[in-house]
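Remember, predicted model here, so these are calculated numbers, not experimental data. Residues: numbered from 1 along the sequence shown.
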Amino acid sequence: MNILILGGGGREHALAWAVMQNPKCDRLIVAPGNAGIAAIAECASLDIENGAQMVECAETNSIDLVIVGPEAPLASGVADDFRAAGFKVFGPSREAARLEASKRFTKEVCDAAGVPTAAWARFTQAAPAKAYIRERGAPIVVKADGLAAGKGVIVALSTAEAEAVVDDMLGGAFGAAGAEVVIEEFMEGEEASFFVLCDGTDALPVGTAQDHKRVGEGDTGPNTGGMGAYSPAPVLNESVAARTMEEIIRPTLAEMVRRGTPCQGVLYAGLMIENGAPRLVEYNVRFGDPECQVLMMRLGAQALDLMQAAAEGRLSEAQVNWAGDHALTVVVAAKGYPGDHERGSPIAGLDGLVGDSRQMVFHAGTSRTEHGIVSAGGRVLNATARGASLQEARDAAYALVDRIDWPGGMYRRDIGWRALGREAPGGVAQAPRP
Ligand code: AMP
Ligand code: GLY
């Protein structure tokens, strides 16, 4: 098979790495890719949101399967362009991608499908939004309706803060994404992510994970795209997973079918779990980054068979073979991230690292120059390892980090604290002191 992957982050390096292990894969092209991907596949420097350019690339290279990594091309309808040109695609239509691209759309689907989620209301005018905030009280969550690069959600601790956020958003701080705001009840509980592949009607769980969104140890400092992840997430035990399928995933997919816009690709449910009951925080229609890195580490070559089955509507025949192990990834980011940070700083120590089915440094923002690998983004590397226990996976991942020689980089030393804390005597996870 000739395969085309869209994207160029750590998620796409992990996807490429898993796909390349499958003997079915004859040729792999990744657009635009990065320095790590270039070591295992062909990279094509193309605009992945330009449907015509992407279809032309697929035609020229006789592509059999397209795998779309990030949300932006999905939200702009690139999967529809591929399908219209007769290509098999793993990734939802633009209409189904609204499950990620519009918070209001998702809330409406949840209400129609009876999916448990936070109570909500939507506003385009500040006065009624503020009246609603005062009526509901704080804490309360204010969200820009559209895609805002992970920055469009504010958990406000006071009504004054929430009202100020409403002014900001409706005042244009998030452009068109904030022309409408969704205001939600604050949900208590523990967050975890649940990933399923779907083919329109069927859904197949492919793993659970927990992310570390804050930049600093002890979950402090500003939000980021994610500083590390592990899989599985202990809080998402078998009973919570079964409830998530029955109460959240299946009703959502059925509602999407009812609307004539079935969902195909990844459905990534961000959940809030309280006393064993899951509620939906949000949907994404792509793998998480860095969650994909730990999922791919655990799935390996079968990931391609599963994504192909989803693209071909054959998921009811598919099954996942689990090794029953754990995986953990540590993100190494440029100092200063998520604020201003340097690009182009040299990274040594990577060439000597062995990547195999148990450990791999996935590249995110890197590029290769005549002086070797240099940083080219905020999140730069993902040291990823698997082990028989989470502790073993974590030790192996940090051993990889120790071998990377990059003075311009920084990382959290406490990835996995929540899950490891559960295993400790007493079983209550405490955020470690920075
Ligand atoms: P979202 O982009 O919708 O996932 O929101 C980003 C983060 O904000 C989530 O991962 C949660 O930590 C938090 N969050 C969003 N909505 C709520 C809610 N209704 N209650 C509590 N926390 C929330
Ligand atoms: N790591 C969170 C996300 O990809 O949305």
Got a donor-acceptor contact below 3.5 angstrom from the Asp405 side chain to the Gly349 backbone?
no

No-hydrogen, no-angle side-chain donor-acceptor test under 3.5 Å, Thr252 and Tyr283:
yes

Is it true that a side-chain atom of Gln53 and a backbone atom of Asp47 form a donor plus acceptor pair closer than 3.5 Å?
yes

Nearest-0.5 Å distance, CG of residue Leu304 to CG of residue Leu15:
10.5 Å

Heavy atoms only: give me the nearest Ala318-Leu204 pair and the separation to one decimal.
O-CD1, 3.9 Å

Glu282 with Lys103: basic N within carboxylate O range, under 4.0 Å
yes

Could you tell me if Asp305 and Asn22 have a donor-acceptor pair between their side chains, going purely by distance under 3.5 Å?
yes

Do you know which of Asn34, Val332, Ile347 makes side-chain contact (heavy atoms from CB on, under 4.5 Å) with Val380?
Ile347

Check this for me: Asp402, atom CG, are more than 12 non-hydrogen atoms of other residues, nucleotides or ligands nearer than 6.0 Å?
yes

Treating Arg104 as the side-chain partner and Asp145 as the backbone partner, does any N or O pair qualify as donor plus acceptor under 3.5 Å?
no

Taking the basic N atoms (NZ, or NE/NH1/NH2) and the acidic carboxylate oxygens, is any pair closer than 4.0 Å for Arg358 and Asp356?
no

Do side-chain atoms of Arg27 reach the backbone of Asn2 as a donor and acceptor pair under 3.5 angstrom?
no

Quick one: do Arg11 and Glu291 make a salt bridge, cutoff under 4.0 Å?
no

Please evaluate residues Lys335 and Glu342 with respect to the criterion salt bridge (Lys or Arg N to Asp or Glu O under 4.0 Å), reporting the C-alpha separation (whole Å), side-chain torsions for both, the decisive distance (0.1 Å), and the verdict.
CA-CA 7 Å; Lys335 278 182 185 156; Glu342 195 191 1; over 6 Å; no

Here the pair of heavy atoms bringing Glu247 nearest to Pro116 is O-CD, 3.5 Å

Counting N and O atoms only, with roles assigned by atom type, does the side chain of Asp199 sit under 3.5 Å from a partner on the main chain of Leu315, one being a donor and the other an acceptor?
yes

Tell me if a side-chain donor or acceptor on Thr117 pairs with a main-chain N or O of Leu280 at a distance below 3.5 Å.
yes

Check Arg418 with Asp219, please: is the shortest side-chain N to carboxylate O separation under 4.0 Å?
yes

Are Arg258 and Glu255 close enough for a salt bridge, meaning some N to O gap below 4.0 Å?
yes

Exam field: side chain Ser375 to backbone Ser345, donor-acceptor pair closer than 3.5 Å
yes

Between Glu217 and Arg413, is there a salt bridge with N-O shorter than 4.0 Å?
yes

Over 12 non-hydrogen atoms of neighbours within 6.0 angstrom of CD in Glu56:
no

Could you tell me whether Arg386 and Asp325 make a salt bridge, using a distance below 4.0 angstrom between a side-chain N and a carboxylate O?
yes

Plane angle bin for Phe195 and Tyr268 - parallel if under 30°, tilted between 30 and 60°, otherwise perpendicular
tilted

Can you tell whether the side chains of Asp64 and Lys24 come within less than 4.0 Å, N to carboxylate O?
no

Asp414 side chain to Trp417 backbone, donor-acceptor under 3.5 Å:
no

Checking Leu400 against Leu353 for the side chain to side chain contact (heavy atoms under 4.5 Å, CB included) test, could you report, in this order, the C-alpha distance in whole Å, the side-chain angles of both residues, the deciding distance, and whether it holds?
CA-CA 8 Å; Leu400 279 176; Leu353 291 179; 4.2 Å; yes

Check whether any side-chain heavy atom of Pro278 sits under 4.5 Å from a side-chain heavy atom of Ile248, and report yes or no.
yes

Is there a donor-acceptor contact under 3.5 Å from the side chain of Ser45 to the main chain of Pro32?
no

Do other residues, nucleotides or ligands put more than 12 heavy atoms under 6.0 Å from Arg250 CZ?
yes

Can a donor-acceptor pair be found, under 3.5 Å and without considering hydrogens, that links the side chain of Gln302 to the backbone of Leu299?
yes

Does His212 have its ring centroid less than 6.0 Å away from the ring centroid of Tyr411?
no

Would a 4.5 Å heavy-atom cut-off, applied to side chains only, mark Arg279 and Val115 as touching?
no

